[in-house]
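Shown next, in structure tokens, is the structure this report addresses.
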There are 2 protein chains.
Amino acid sequence: MPEEVASDENVIYVGKKNVMSYVLAVVTQFNMGSLEVHLKARGRAISRAADVTQIVKNRFIPSLAIKGINITTEELTSEDGRLNKVSSMDILMTK
Amino acid sequence: MPEEVASDENVIYVGKKNVMSYVLAVVTQFNMGSLEVHLKARGRAISRAADVTQIVKNRFIPSLAIKGINITTEELTSEDGRLNKVSSMDILMTK
């Protein structure tokens, strides 16, 4: 059983779980009729999000196209109250 | 002194060095007159490439724009002769 993955409407949040969990979440979203799916990731998970797009395209949905990629900076407050900047990526996919 | 960073004409290859090495390589390329600079990264270095774009934009070149991002799959032969697939990202920046 794949692990449960956080998702809003058409948005999959890529974190520290196994890459296949996110792959299956994306494929499921498209199979449920979504025309577009966003992948969102921060920090080191950005590399994993890139992997997700490639595995979905190479193994499950050959027609997958990346419509846009946006990189921004988010500010997160750490436990000791300090403000940390972290890169964030949003990948918009269509099939 | 920043570490030496691999670069071709207008292309910076992001690997395992300190993120600031790549930031300075990008800033230097633009200062030498390049109108466009590519950042290329594979695997886990993809997250670092995203960080490079944000640090260049937030600290050095506020007008920096990301003109396009391309994610592909590359096949690499490992030492034991096996073929491994790895995600690769190319970020095209202008200022």
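Owing to the predicted nature of the structure, the values given are computational and were not obtained by experimental measurement. All chains are named by letter (A, B, ...) in the order of the sequence lines, taking the proteins before the strands, and each is independently numbered beginning at 1.
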(request) Tell me, for B:Thr53 versus chain A, whether the close heavy atoms (under 4.5 Å) come from the side chain, the backbone, both or neither. (result) side chain

(request) Let me know if B:Ile71 has heavy atoms under 4.5 Å from chain A in its side chain, its backbone, both or neither. (result)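 Looking at B:Ile71, backbone and side chain both touch chain A.
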
(request) Pick one of side chain, backbone, both or neither for A:Ile69, based on which atoms fall under 4.5 Å of a heavy atom in chain B. (result) both

(request) Side chain from CB out, backbone as N, CA, C, O: work out which of these in A:Ile91 comes under 4.5 Å of a heavy atom of chain B, or both, or neither. (result)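 Looking at A:Ile91, just its side chain touches chain B.
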
(request) Supply the atom-to-atom distance A:Lys85 NZ to B:Asp51 CG, rounded to the nearest 0.5 angstrom. (result) 12.5 Å

(message) To the nearest 0.5 Å, what is the distance between CE on B:Met89 and CE on A:Met89?
(response)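 Here the interatomic distance stands at 5.0 Å.
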
Determine whether [X] and [Y] fall in the same hydrophobic cluster, where Ile, Leu, Val, Met, Phe, Trp and Tyr are linked whenever their side-chain heavy atoms lie under 4.5 Å apart.
X	Y	result
B:Val56	B:Val5	yes
A:Val11	A:Leu39	no
B:Val86	A:Val19	no

(request) Please say whether more than 12 non-hydrogen atoms of neighbouring residues, nucleotides or ligands are located less than 6.0 Å from CG in A:Leu83. (result)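 Counting neighbours around CG of A:Leu83, more than 12 heavy atoms of other residues, nucleotides or ligands fall under 6.0 Å, so yes.
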
(request) List the atom of B:Gly43, the atom of A:Ser47, and the distance in Å for their closest heavy-atom pair. (result)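 Nearest pair, atom of B:Gly43 first, then A:Ser47: O-OG, 3.2 Å.
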
(request) Could you pull out the closest heavy-atom pair between A:Gln54 and B:Thr73, with the gap in Å? (result) OE1-OG1, 2.6 Å

